[in-house]
Each structure stands twice: as structure tokens, then as C-alpha cells.
> 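First the structure, which I've put down as C-alpha cells, then a few questions once you've had a look.
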Amino acid sequence: MSNSSYYGDLTGYEPISEVDRKEFHEQGFLLLRNVLTEEHRAALETAVDRVYAEEVAAGNDKNGTVHLLGFLNRDELFGELLTHPKVLPYMWGLAGWNIYSHHNHLDVTPPAKEPEKPYWGWHQDGYRQNSDPETMDPNLPRPMFSLKIAYVLSDLSENGRGATKVIPGSHLKNSLPRPADLSVHNPDPEGTVEITANPGDAFIFDRRQWHSRSTNLSTITRKMLFVGYTYRWIRHLDAIDFDPNGEWYANRTPVQRQLLGEAPHSANYWGINWDGYVDDEIPLRKELKTRGLLDRNIPWLR
Ligand SMILES: O=C(O)CCC(=O)C(=O)O
Ligand SMILES: [Fe+2]
């Protein structure tokens, strides 16, 4: 079932504006308004509610909170989100064509039943990507390596509803001072912004952005879908449990399959030999090339 009505005439190959590109590079995140039509948002919420009920029934919740990794194959609509035409241009525009989703999660966060114990949730994503790469200069920002789109399905327009907090511009800082005593409640770092957003909005963030979850102190259950994209030469983070012979995978387009990690290695899986322009058959690059969207001046779009 294709739901092209949710996407209008967009193809996913409309380049992003220079204003957005600059803001993303300066701030480390971008809030995109009205990415989902109300009809699309509501359909996604129905799918999320179904998956939530399945996870709770299986005992995979923590006091009613579900944080489900690798959710894309749980609904046709989730698979289509991989190439949402309002979002895809940010992924190839900011990270290039050699990408896939190594990590994605569905989050349902009901109102907190009691005050949470003190916690310090501030982190950069990427785990060992923050330690392994050899950069002798601690002031040299590490590479981005991945970015994430977060789709907002519930109303996060007011503070205190469990929204993600970020420190704009912090993606270029390799460290964030930690309070001395983490057993007490500490104030958020200077410059913290809670990403308040309306249902149907989305935000993109650089994995280096210092960010934190927050406690849902409201009466509204928070519902979010996060889809991370990284380079094809970086390994999956989530277990891949979709059936490659099943209907859901059969319904995916060549670009969606690339974005699901098709190809066991990052070189010339799509069929050309060791020399020559092996990249030309990589689905996302092929789409960009056909449309004249490769750009020799932007390394990740060469
Ligand atoms: O749940 C949140 O708001 C934060 C999630 C997070 O840290 C992430 O998606 O990387
Ligand atoms: Fe994170």
C-alpha cells in the first residue's frame, strides 16, 4: 500500500535551502514545521499505538514507557518514512548519498507517575565514535558521522512534556562540564533549549549535539519516532530483524533498501567490478545523478 497522498508532489530530491544548511551547521539542529500532514500524523499515531500495545503485552515496557529500537519494519508507514520527501533532502543534503539507517527508535513516554530520581542525561550520540577516532587536538570537533530525524506525533508545544533538550551550537564542542554531584538534581547546562514542537513537526540533529531526554511532567503521553542515518561503512546499532523475503521488505523501493542497509559491505555491491565508477549503481546516488544533483564542490555529494 503506497500512501503518496501524504507526500503531495514532492519527490525527496528538492535541495534544501542555503539558509537551512547554514543554520544546521551553526546550531547542530533544525526544527522543521508541519512535516507531517494531520492525516499522516494520525495514521502514524495509530500505528504507534498498536505497536505500543504489542510491546506492553510482551512485557517490553518499563513502567509503561516503551523505547523500541529498530521499529521500521513494524508498519508499512514506518518503512515509507525512510524516504519522507520533506526529510530526505536534509539527509542527502547534509550527509550525502552513501548513507543508511543504522539506528531508529519508537518512543512512547506516558506522564511520570512520580518524580524521577536525579539523573544527568546529557550526551552526544555515537558512543565510541567520541573516543576511538584519533584526534590529538581536543579542540578539533570530531566528524558528524550521523544525524537523526525526530518526528513529533504528540503535542510538545509546552515545556515539561518530556521533549528532547539540546544546547544549540554544542555539536562543535567535544566535552560538556559535568556537575560534581550527580546524586542531586542539577540545573540544565547554560544555553539549554527544550525542543517544544507541535504534532506533525520534526527536528533534525547532528549526533554530536549535546542533548538530553527530559521527564514528562504533563498529562499528555509523549509519542515520537526517531530515525538515525549514518554512513554505509559504519555498522548497524540495532538488531536487524526484518525478513528479507517478507512482504514488508518486498514493498521497499531500491533507495529504501539502501537505507535499510542492503549490501553486506560498503563498496561495489550493486554490481560493478573493482575499477571504474562503482558508485553509479548505488540507489540514492543514482537518483541524485539522474537529476543533476551531484556536486563536485561538496565532498559528500561527489
Ligand atoms: O528521548 C529523547 O528525547 C532523547 C533521545 C536521544 O537521546 C536520542 O534520540 O539520541
Ligand atoms: Fe541521544
Side-chain angles (χ1 to χ4, degrees), residues 24 27-32 35 44-45 48 51-52 55 60-72 78 81-82 87 90-91 94-95 99 101-112 116 119-131 142-168 170-176 178 188-189 192-199 201-218 220-230 234 236-238:
F24 181 79
Q27 303 292 308
F29 86 106
L30 267 182
L31 175 60
L32 308 176
V35 164
L44 286 167
E45 184 172 20
V48 166
V51 171
Y52 176 77
E55 292 302 303
N60 296 333
D61 65 308
K62 217 160 134 190
N63 297 325
T65 292
V66 165
H67 173 60
L68 173 65
L69 300 176
F71 74 97
L72 292 175
F78 299 156
L81 269 192
L82 274 169
V87 173
Y90 290 92
M91 298 305 143
L94 297 168
I99 56 171
S101 178
H102 62 314
H103 173 51
N104 47 79
H105 44 102
L106 173 159
D107 287 88
V108 175
T109 319
E116 271 195 282
Y119 67 92
W120 185 251
W122 290 93
H123 66 283
Q124 296 180 299
D125 286 345
Y127 183 45
R128 292 296 301 180
Q129 290 175 359
N130 298 305
S131 315
R142 291 182 282 260
M144 178 172 71
F145 287 139
S146 78
L147 71 177
K148 238 178 194 173
I149 173 87
Y151 294 94
V152 177
L153 303 183
S154 60
D155 189 344
L156 294 180
S157 63
E158 313 247 332
N159 282 338
R161 294 184 176 174
T164 309
K165 292 177 173 177
V166 296
I167 307 171
S170 64
H171 59 305
L172 302 178
K173 301 226 166 72
N174 289 339
S175 60
L176 180 75
R178 273 163 91 88
D188 285 322
T192 294
V193 170
E194 183 168 334
I195 306 182
T196 50
N198 298 317
D201 291 347
F203 57 91
I204 295 172
F205 64 100
D206 181 319
R207 67 118 200 133
R208 298 169 299 179
Q209 178 82 292
W210 287 91
H211 60 281
S212 176
R213 70 178 182 91
S214 72
T215 305
N216 185 359
L217 302 168
S218 76
I220 301 173
T221 295
R222 180 182 85 137
K223 299 176 188 176
M224 303 278 297
L225 298 171
F226 291 86
V227 185
Y229 294 77
T230 196
I234 290 173
H236 273 103
L237 192 57
D238 310 329

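Every number for a ligand or one of its atoms is a count from 1 in the order of the listing.
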> Examine distances only and state if a side-chain atom of Glu45 and a backbone atom of Ser154 form a donor-acceptor pair shorter than 3.5 Å.
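The answer is no, because no donor-acceptor pair under 3.5 Å joins these two groups.
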
> What protein heavy atom is closest to atom 9 (O) of ligand 1, reported as residue, atom name and distance in Å?
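Nearest protein contact, heavy atoms only, for atom 9 (O) of ligand 1 is Lys148 NZ, 2.7 Å.
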
> In terms of residue, atom name and distance, what is the protein heavy atom nearest to atom 5 (C) of ligand 1?
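Among all protein heavy atoms, the one nearest atom 5 (C) of ligand 1 is Phe226 CZ, 4.2 Å.
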
> Is the closest side-chain donor-acceptor distance between Thr196 and Glu158 under 3.5 Å?
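No pair is found: no donor N or O on one side chain lies under 3.5 Å from an acceptor on the other.
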
> With heavy atoms of Arg222 as the reference, note each atom of ligand 1 found under 4.0 Å away.
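Atoms satisfying the 4.0 Å criterion: 1 (O), 2 (C), 3 (O).
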
> Between Asp125 and ligand 1, find which residue part has any heavy-atom pair under 4.0 Å and reply side chain, backbone, both or neither.
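It is the side chain that touches ligand 1; the backbone stays farther off.
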
> Using ring centroids (six-membered ring only for Trp), state whether His123 and His211 fall under 6.0 Å.
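Yes, they do, as the ring centres are separated by less than 6.0 Å.
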
> Can a donor-acceptor pair be found, under 3.5 Å and without considering hydrogens, that links the side chain of Thr230 to the backbone of His102?
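No; judged by distance alone, with no hydrogens or angles, the pair does not exist.
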
> From Leu69 CG over to Phe226 CZ, what is the distance, rounded to the nearest 0.5 angstrom?
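The CG atom of Leu69 sits 11.5 Å away from the CZ atom of Phe226.
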
> Do you know which N/O/S atom name in Asp125 is closest to the Fe ion (ligand 2)?
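That would be atom OD1.
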
> Determine yes or no for a side-chain-to-main-chain donor-acceptor pair under 3.5 angstrom, with Ser157 supplying the side chain and Asn198 the backbone.
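Pair absent, no side-chain N/O of Ser157 close to backbone of Asn198.
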
> Side chain, backbone, both or neither: which part of Glu194 comes within less than 4.0 Å of ligand 1 when only heavy atoms are counted?
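Answer for Glu194: neither.
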
> Between Thr65 and Asn63, does any side-chain donor sit less than 3.5 Å from a side-chain acceptor?
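Judged by distance alone, the side chains do not pair up.
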
> Less than 3.5 Å between some nitrogen or oxygen of His211 and one of ligand 1, yes or no?
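By distance alone, the answer is yes.
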
> I need the contact type for His123 against ligand 1. Using non-hydrogen atoms and a strict under-4.0 Å cut-off, is it side chain, backbone, both or neither?
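It is the side chain that touches ligand 1; the backbone stays farther off.
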
> What is the nearest protein non-hydrogen atom to atom 2 (C) of ligand 1, stated with its residue, atom name and distance?
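The protein heavy atom lying closest is Thr164 OG1, 3.5 Å.
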
> Before signing off on this row, confirm whether His105 and ligand 1 have an N or O atom pair separated by under 3.5 Å.
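His105 vs ligand 1: N/O contact under 3.5 Å present.
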
> Can any side-chain N or O of Asp107 pair as donor or acceptor with the backbone N or O of Arg222 at less than 3.5 Å?
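Side chain of Asp107 to backbone of Arg222: no pair is present.
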
> Which of the N/O/S atoms in His123 sits closest to the Fe ion (ligand 2)?
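The nearest such atom is NE2.
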
